[in-house]
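The structure appears below as structure tokens.
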Protein chains: 2
Amino acid sequence: MAKPVVSEAARRRRRPTRSGTVLSEALIVETALRMLREHGSAGLSARRLGAVLGADPSTLYRYFGGMDELTRAIGEELTGRALDGWRPGGDWRSDLRDLGLRIHRAYLAHPQAAVLTASRVTGRPREIAADEAVLGVLRRAGFPDGAAVRIYHAFIDQSLAFAALDAGSLALAAETREADEGLWETTYAHLPAEAYPHIAATAPLLAARMKDSAYPVALEMLLDSAEGELGRAGG
Amino acid sequence: MAKPVVSEAARRRRRPTRSGTVLSEALIVETALRMLREHGSAGLSARRLGAVLGADPSTLYRYFGGMDELTRAIGEELTGRALDGWRPGGDWRSDLRDLGLRIHRAYLAHPQAAVLTASRVTGRPREIAADEAVLGVLRRAGFPDGAAVRIYHAFIDQSLAFAALDAGSLALAAETREADEGLWETTYAHLPAEAYPHIAATAPLLAARMKDSAYPVALEMLLDSAEGELGRAGG
DNA sequence: GCCTTATGCCAACACCATTGACGTTATCGC
DNA sequence: GCGATAACGTCAATGGTGTTGGCATAAGGC
């Protein structure tokens with residue numbers, strides 16, 4: 001076998017690579033993030049990553065079991081950055097809004113990485129911390145446990161789902177340089193009004209809105225509904 | 001060059017492949033869908049697809065510009081199936097609910113394919129038809145154009161986003177056979193109550209709810225909010 | 001029945017992840 | 001200080017991938 005994959009903590013003998021750099025889990029993940037950002041999600045490969053690090057591709061297998069494990073490590077790094085600095089204020093609605101937007105923003109800061117990792121549920125420490133935070137906000141707001149769990153589930157999955165979706169289109173746009181956004185001005189704007197009357201009637205509005213993420217609107221609608229339920233039930 | 005990619009409509013000289021089958025766009029897409037379902041999202045490759053069809057891999061390039069274009073065709077097929085048989089009834093809310101659940105269901109019927117395609121905006125005919133349908137329901141319900149477009153955007157992106165997210169976990173579960181669902185009974189249920197009081201307090205509720213998709217709840221909340229807005233504005 | 005050309009096939013290229021064997025050298029116990 | 005051990009970087013090779021140019025053939029319009 002070629003892969004005991006010594007844990008990072010037990011790693012002591014750091015030999016510099018042929019080109020002089022000293023490897024580490026953190027350095028590899030960081031470099032991979034930079035490569036994803038600069039060369040797109042297809043630009044990350046063991047060979048290229050090795051080349052950038054000045055190391056043989058096979059060296060990476062001393063640190064990660066495979067590209068899949070590296071991908072999960074990158075995802076961990078992203079979710080970790082999402083919660084950094086968040087503290088609950090007093091208002092449950094703005095707390096949740098802030099949390100949702102933070103998650104969305106953290107993923108979109110690295111679209112190419114997000115699209116690779118966003119759909120993986122890890123169950124790792126920082127993800128659990130986020131879950132606890134959301135549940136806490138809802139229960140303190142006065143939602144009974146059943147409602148709190150239901151709303152929590154919708155909220156967290158909505159955030160992750162939109163993060164992945166928006167990261168996907170952002171990554172695609174950055175890579176192909178051909179504006180998918182322009183699709184609304186070209187294809188959709190010139191559809192025959194008889195066959196597609198509603199699109200034709202709202203084409204300018206569509207063109208203006210489809211450029212941006214729908215997440216803020218969807219999030220606000222979810223909060224609307226929750227607030228309505230809270231008003232009807234408790235106070 | 002090797003790829004004029006004759007359009008399906010202009011295709012007339014159908015020569016049977018060495019193994020006797022006669023190729024077509026539809027047959028290729030259909031076969032690809034079956035392969036994705038049976039062998040997972042990593043099981044689809046030009047070579048394997050060719051082998052199953054009894055054709056040389058390069059033959060596929062007479063029908064699609066590349067694997068990327070094939071992927072988009074698969075996505076188009078999925079969205080098409082979502083709309084099959086849908087007719088608007090009288091009530092806008094149940095119309096939208098039905099449409100949303102159809103999209104979600106159509107994608108989840110082919111999780112491996114959905115995970116490849118759900119984040120691609122194709123701009124192809126059947127996708128446009130779906131957009132037109134949603135906009136029509138909203139405008140007929142009495143929403144002013146601005147609100148209709150805003151709600152349409154949130155609705156369609158939320159449907160696709162959840163479809164992709166849920167398909168991802170479904171595909172992962174099917175491939176690795178290790179139940180992610182059990183995560184809530186194992187990891188989360190045994191967290192220290194001091195550090196994670198809210199998770200601990202709601203653990204049984206969480207375990208029961210996290211197994212299912214949050215999409216129906218999120219959809220209903222979106223519809224709640226829209227109905228509230230309609231009530232306040234027009235009557 | 002001829003001609004054109006669409007279309008299937010072949011061979012080849014460049015890339016990919018992954019692995020096993022091999023040396024070298026950094027660190028630990030003494 | 002010194003030797004031993006094994007961590008870890010490197011090399012070479014395997015079997016996969018998408019994609020392309022050239023070629024032969026048969027299908028269909030005339």
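Scope of the values below: all heavy atoms of this structure, side chains included, with no hydrogens, waters or symmetry mates. Letters A, B, ... mirror the listed sequences (proteins, then strands); counts begin at 1.
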Fill in: Whole-Å gap separating P (D:dC8) and CD (A:E25)
11 Å
Item to complete: Run the salt-bridge test on A:R34 and A:E30 with the 4.0 Å N-O cut-off and return the result as yes or no.
Response: no
Discussion item. Does C:dT7 have its OP1 or OP2 closer than 4.0 Å to a side-chain nitrogen or oxygen of B:Y61?
Written reply: no
Item to complete: Please state whether the base of D:dA7 and the side chain of A:R62 form at least one donor-acceptor pair under 3.5 Å?
Response: no
Worksheet item: Does a distance-only test, which skips hydrogens and angles, find a donor-acceptor pair under 3.5 Å between the side chain of B:R47 and the base of D:dG16?
Response: no
Worksheet item: Applying salt bridge (Lys or Arg N to Asp or Glu O under 4.0 Å), which residue pairs with at least one partner in residues 97-110 of chain A are found, sequence neighbours left out?
Response: A:R97-A:E220, A:D98-A:R102
Practice prompt. Describe, in one word, how the ring planes of B:Y215 and B:H104 are oriented to each other, choosing from parallel (under 30°), tilted (30 to 60°) and perpendicular (over 60°).
Written response: parallel
Worksheet item: Nearest of D:dT10, C:dT18, D:dG9 to any side-chain atom of A:L23?
Response: D:dG9
Item to complete: Measure from CG on B:L49 to P on D:dG16 and round the result to the nearest Å.
Response: 17 Å
Discussion item. Using whole Å, what does the distance between atom P of nucleotide C:dA14 and atom CZ of A:R48 come to?
Written reply: 16 Å
Worksheet item: Would you say the base of C:dC10 and the side-chain of B:S58 have a donor-acceptor pair closer than 3.5 Å?
Response: yes
Response to the item:
Side-chain atoms of A:A46 come closest, of C:dG8, C:dT18, D:dG18, to C:dT18
Worksheet item: Rounding to a whole Å, what distance do you find between B:L60:CG and C:dG8:C1'?
Response: 11 Å
Discussion item. Closest approach to the side chain of A:D56, judged atom by atom: which nucleotide of D:dC11, C:dT18, C:dG8 is it?
Written reply: D:dC11
Discussion item. Could you tell me how far apart A:E69 (CD) and C:dT18 (P) are, to the nearest whole angstrom?
Written reply: 10 Å
Discussion item. The test is side chain to side chain contact (heavy atoms under 4.5 Å, CB included); show your working for A:Y61 and A:E69 and say whether it passes.
Written reply: CA-CA 10 Å; A:Y61 290 82; A:E69 199 174 308; over 6 Å; no
Worksheet item: Roughly how many Å is it from CG in B:D68 to P in D:dG18, rounded to a whole number?
Response: 12 Å
Fill in: Whole-Å gap separating P (C:dC15) and CE (A:M67)
16 Å
Item to complete: Just compare D:dG9, C:dT18, C:dG8 and give me whichever is closest to any side-chain atom of A:P57.
Response: C:dT18
Worksheet item: For B:L70 and D:dT19, what is the distance between atoms CG and P respectively, to the nearest whole Å?
Response: 10 Å
Worksheet item: Can you tell me if B:Q158 uses its side chain to pair, donor with acceptor, with the backbone of A:A218 under 3.5 Å?
Response: no
Worksheet item: Hey, does the side chain of B:T59 come within less than 4.0 Å of C:dT7's phosphate (OP1/OP2), counting only N and O?
Response: no
Worksheet item: Does a side-chain N or O from A:Y63 land closer than 4.0 Å to OP1 or OP2 of D:dG9, or not?
Response: yes
